[in-house]
Amino acid sequence: MKITKICCIGAGYVGGPTMAVIAKNNPHLKITVVDINQDRIDAWNDSDLSKLPIYEPGLADIVKETRNKNLFFSTNIDAAIDESEMIFISVNTPTKTYGKGKGMASDLKYIELCARNIAEVAKTDKIVVEKSTLPVRTAEAIKSILHNTGSDINFHILSNPEFLAEGTAVQDLLHPDRVLIGGESEAAIDSLVKIYNTWVPEAKILRTNLWSSELSKLTANAFLAQRVSSINAISELCELTGANINEVAKAIGMDSRIGPKFLQASIGFGGSCFQKDILNLVYIARSYNLNEVADYWEQVIIMNDHQKRRFSERLIKTLYDTVSGKKIGVLGWAFKKDTNDTRESAAIYVTDHLLNEQALLSVYDPKVSRVKIQSDLNYLNTRSEQENNDGVTVETCPYEALKNAHAVAIMTEWDEFKTYDWKKIYTDMKKPAFIFDGRNLLDKSEMKAIGFDYYAIGQ
Ligand code: UDX
Ligand code: ADP
């Protein structure tokens, strides 16, 4: 099928950057990214590029280059579906918060709504591309909805999971390790290969069946998360034995079979994918009565929750077993550097724990707004909005956030934290002044020389 127009449903952290990069490399394709959220679309269309709804290094330049030339953002979903030969579905698939599979399975209601929307609007044949991370065999459900419209329109379903990591999305999209396309129709796969092939070498484009493609995405995320939980598990042992986790990570990472990446001990992984995808895998395994398989992967989450909890407990214990009424400065709220995304960020859970102990938190993040921080805490439903407001202030200046604090907790590895005047911060803090470095970001000997009591992960 000749593709001239593409539509992407969902203008989020995946849909936005992915379509921008496709548009840049395919100037003759018209690409429309649609969303039900008017504010989000308005932000994508804002002439002030600093107002784009998601922060990603390099993204604003590509949007500037392509927007309103061959890349468009709109809330007119039906019109975009109608005119396009290929439709990407890139909507959110959060963990279910109700009913069967609550807390484990993915909520597919947004996917189903998209499929029904496409079925209703389509008047010509379409290739529908699954871009969201989904449980294995979701394509089957989409297919069933699309093939039961009673019309003679042909729908081809492809699974094309996205492997970009936030914070490096543009580079990941421009230079992917691989592009994975699962499907049943070779012709439909060919149409999508042609689009990627404008900048990705053919050898890096993998063709699989639908289910392999879906399962590969869940498995890749489970393996990556498992590496973080593995190094974090060893970090606890390091703290008791005198070994240093950075030295251990370097030593094992030089084994070419293990490799050096993704061995950074931390306060625990966050983000929209790792936890959700593993829970999904566990749920699927249990539904096939594979209890050993389910328990095996579930342990990755258990370890991650333990790591977050352990961090706040260590902080409280070190501050003489009480943080009640004490100001704690929090540096970083995003789940990793170079993104404004806060989904499942460890900062949220550590802050919640410290609020239970009546600490007074003062937060600074270079890219996350006060409104977002308060809404992340309110979403937990642990206490009233008023109590969250009273317990947490959000500063736009890091030095203000840390002034008169008893301790600093570093939650995100933003580069700018390393450049601060830590002598000044020390002078302005209560003594003894503590740093709890959840990212092993700062130089231990430098901080000790200034006078800080410095605690890192796995040291
Ligand atoms: C992940 C996958 O990397 C990506 O391929 C997939 O498409 C989506 O999920 P993302 O969640 O955006 O990407 O970021 P990632 O870099 O994987 O980091 C996830 C979390 O793990 C972050 O909280 C990060 O700080 C943490 N992490 C990562 C560590 O604690 N240590 C590490 O060594 C690496
Ligand atoms: P991701 O990180 O997977 O991109 P996001 O939550 O950032 O997830 O983005 C998903 C987007 O999908 C949101 O902006 C949401 O408004 C949009 N969305 C959800 N359901 C629909 C739908 N039925 N039609 C159009 N857009 C939708």
Side-chain angles (χ1 to χ4, degrees), residues 7-19 33-41 43-44 53-54 56 73-78 80-81 87-94 106-118 131-134 161-169 172-173 176-178 180 216-218 220-232 235 245 249 253 260-278 304 307-308 332 334-347 411-413 438-441 457:
C7 141
C8 172
I9 308 180
Y13 284 88
V14 172
T18 308
M19 292 303 132
V33 186
V34 292
D35 204 294
I36 35 174
N37 183 335
Q38 181 74 53
D39 290 345
R40 220 171 206 191
I41 291 299
W44 279 112
I54 71 176
E56 270 295 339
F73 295 93
S74 161
T75 49
N76 195 342
I77 302 174
D78 290 1
I81 293 174
I87 300 158
F88 287 78
I89 303 184
S90 184
V91 300
N92 36 333
T93 51
S106 271
D107 194 340
L108 297 180
K109 71 176 172 203
Y110 305 109
I111 296 282
E112 183 173 338
L113 280 171
C114 287
R116 290 191 184 282
N117 204 346
I118 296 168
K131 198 68 177 154
S132 321
T133 313
L134 292 164
E162 183 46 61
F163 292 99
L164 68 82
E166 290 174 28
T168 52
D172 294 346
L173 285 161
D177 288 344
R178 73 330 206 161
L180 182 56
S216 300
K217 172 66 184 180
L218 291 184
N221 277 343
F223 268 59
L224 290 168
Q226 182 199 42
R227 266 174 91 90
V228 179
S229 275
S230 296
I231 201 74
N232 283 343
S235 76
I245 196 65
K261 293 182 184 168
F262 251 76
L263 289 176
Q264 178 63 52
S266 70
I267 190 176
F269 59 75
S272 67
C273 286
F274 282 179
Q275 173 158 319
K276 182 189 80 180
D277 289 354
I278 292 180
N304 196 49
Q307 188 76 349
K308 291 182 271 188
F335 81 98
K336 63 184 283 198
K337 73 171 178 180
D338 292 335
T339 179
N340 60 346
D341 195 350
T342 64
R343 285 176 286 182
E344 292 302 328
S345 178
M411 308 284 194
T412 314
E413 72 283 22
R439 296 293 186 161
N440 293 357
L441 186 72
I457 306 280

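Just so you know, ligand 1 is whichever comes first in the structure, and atom 1 is the first atom listed for that ligand. Source: prediction; values computed, not measured.
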Please state which protein non-hydrogen atom is closest to atom 2 (C) of ligand 1 and give its distance, to 0.1 Å? N221 OD1, 3.5 Å
Atom 16 (O) of ligand 1 - nearest protein heavy atom and its distance: K336 NZ, 2.7 Å
Suppose we measure from atom 3 (O) of ligand 1 to each protein heavy atom; which comes out shortest, and what is that distance? L224 CD1, 3.7 Å
Does the T339 side chain pair with the main chain of G167, one donor and one acceptor, at a distance under 3.5 Å? no
How far is atom 5 (O) of ligand 1 from the closest protein heavy atom, and which atom is that? F163 O, 2.7 Å
Provide, to 0.1 Å, the distance between atom 8 (C) of ligand 1 and the closest protein heavy atom, together with that atom's residue and name. C273 SG, 3.5 Å
With backbone taken as N, CA, C and O and side chain as the heavy atoms from C-beta onward, which portion of A165 lies under 4.0 Å from ligand 1: side chain, backbone, both, or neither? both
Relative to ligand 1, is K217 under 4.0 angstrom through side chain, backbone, both or neither, heavy atoms considered? side chain
Can you check side-chain contact (heavy atoms from CB on, under 4.5 Å) on V91 and I36, steps first, answer last? CA-CA 10 Å; V91 300; I36 35 174; over 6 Å; no
Hey, is ligand 1 close enough to S272 that some N/O pair sits below 3.5 Å? no
Could you report the tightest heavy-atom contact between I245 and I231, atom names first, then the distance? CD1-O, 3.6 Å
Minimal non-hydrogen separation, F269 against S229, with atom names: CE2-OG, 3.7 Å
Selected option - heavy-atom contact closest to atom 31 (N) of ligand 1, from R227, Q264, K337: Q264
Do the non-hydrogen side-chain atoms of I457 and Q307 ever get within less than 4.5 Å of each other? yes
Closest to atom 19 (C) of ligand 2 among protein heavy atoms sits N92 OD1, 3.3 Å
Specify side chain, backbone, both or neither for I77, according to which of its non-hydrogen atoms lie closer than 4.0 Å to ligand 2. side chain
May I ask you to list the atoms of ligand 1 that are less than 4.0 angstrom from any heavy atom of E162? 7 (O)
With a heavy-atom distance limit of 4.0 Å, tell me whether R439 approaches ligand 1 through its side chain, its backbone, both, or neither. side chain
Taking both backbone and side-chain atoms of Y13, is any N or O found less than 3.5 Å from an N or O belonging to ligand 2? yes
Report yes or no: does a heavy atom of S132 sit under 4.0 Å from some atom of ligand 2? no
Just checking, any donor-acceptor pair under 3.5 angstrom between side chains of Y13 and N340? yes
Would you confirm whether R439, through its side chain, and M411, through its main-chain N or O, come within 3.5 Å as a donor-acceptor pair? yes
Using a strict cut-off of less than 4.0 Å between a Lys/Arg side-chain nitrogen and an Asp/Glu carboxylate oxygen, indicate whether K131 and E162 qualify as a salt bridge. yes
Shortest non-hydrogen separation from A80 to V34 and the atoms involved: CB-CG1, 3.6 Å
Note: ligand 2 atoms sitting under 4.0 Å from heavy atoms of I9 are 24 (N), 25 (C), 26 (N)
Note: heavy atom closest to atom 30 (O) of ligand 1, options S266, A225, A265, belongs to S266
Identify the closest protein heavy atom to atom 23 (N) of ligand 2: which residue and atom is it, and at what distance? C114 SG, 3.8 Å
Using a plain distance cutoff, I'd like to know if V14 has any nitrogen or oxygen under 3.5 Å from a nitrogen or oxygen of ligand 2. yes
Tell me, which protein residue and heavy-atom name are nearest atom 26 (N) of ligand 2, and how many Å apart are they? I36 N, 3.4 Å
If you have a sec, work out which protein heavy atom is nearest atom 12 (O) of ligand 1 and how many Å separate them, to one decimal? E166 N, 2.8 Å
Test your reading of the structure: does D35 have an N or O sitting under 3.5 Å from an N or O of ligand 2? yes
Carefully, step by step, assess T168 and D338 under the rule side-chain contact (heavy atoms from CB on, under 4.5 Å). CA-CA 8 Å; T168 52; D338 292 335; over 6 Å; no
Give the ring-plane orientation class for W44 versus F73, where under 30° counts as parallel, over 60° as perpendicular and anything between as tilted. parallel
Just to confirm my output: which protein heavy-atom neighbour is closest to atom 27 (N) of ligand 1, and how far is it? V228 CG2, 3.9 Å
Short N or O distance, L164 and ligand 1, threshold 3.5 Å exclusive: yes
Residue pair R178 / A220: nearest heavy atoms and the distance that separates them: NH2-CB, 4.2 Å
Worked verdict on L180 versus S216 for side-chain contact (heavy atoms from CB on, under 4.5 Å): CA-CA 9 Å; L180 182 56; S216 300; 3.6 Å; yes
Out of F262, F269, F335, the nearest non-hydrogen contact to atom 28 (C) of ligand 1 is supplied by F262
Among protein heavy atoms, which sits nearest to atom 19 (C) of ligand 1, and what does the distance come to when rounded to 0.1 Å? F274 CE1, 3.5 Å
What atoms of ligand 2 come within less than 4.0 Å of a heavy atom belonging to R40? 5 (P), 6 (O), 7 (O), 9 (O), 11 (C), 13 (C), 14 (O)
Between T93 and T133, is there a donor-acceptor pair closer than 3.5 Å when you use the side chain of the first and the backbone of the second? yes
If we set the cut-off at 4.0 Å for heavy atoms, which region of I267 has an atom near ligand 1: side chain, backbone, both, or neither? neither
Between P17 and A169, which heavy-atom pair has the shortest distance, and what is it? CB-CB, 4.4 Å
Looking only at protein heavy atoms, what sits closest to atom 18 (N) of ligand 2 is V91 CG1, 3.7 Å
Please name the pair of heavy atoms, one in I41 and one in V33, separated by the smallest distance, quoted to 0.1 Å. CD1-O, 3.9 Å
Under 3.5 Å donor-acceptor, N221 side chain and D277 backbone: no
Using side-chain heavy atoms (C-beta onward) and a distance below 4.5 Å, is S132 in contact with N92? no
Quick note on ligand 2: atoms under 4.0 Å from a heavy atom of G12 include exactly 4 (O), 5 (P), 7 (O), 9 (O)
Counting only heavy atoms, which portion of L263 has something under 4.0 Å from ligand 1: side chain, backbone, both, or neither? backbone
Before signing off on this row, confirm whether E166 and ligand 2 have an N or O atom pair separated by under 3.5 Å. no
Check whether any side-chain N or O of S272 sits under 3.5 Å from a backbone N or O of R343 as a donor-acceptor pair, and report yes or no. no
of all protein heavy atoms, closest to atom 2 (O) of ligand 2 is R343 NH2, 2.8 Å
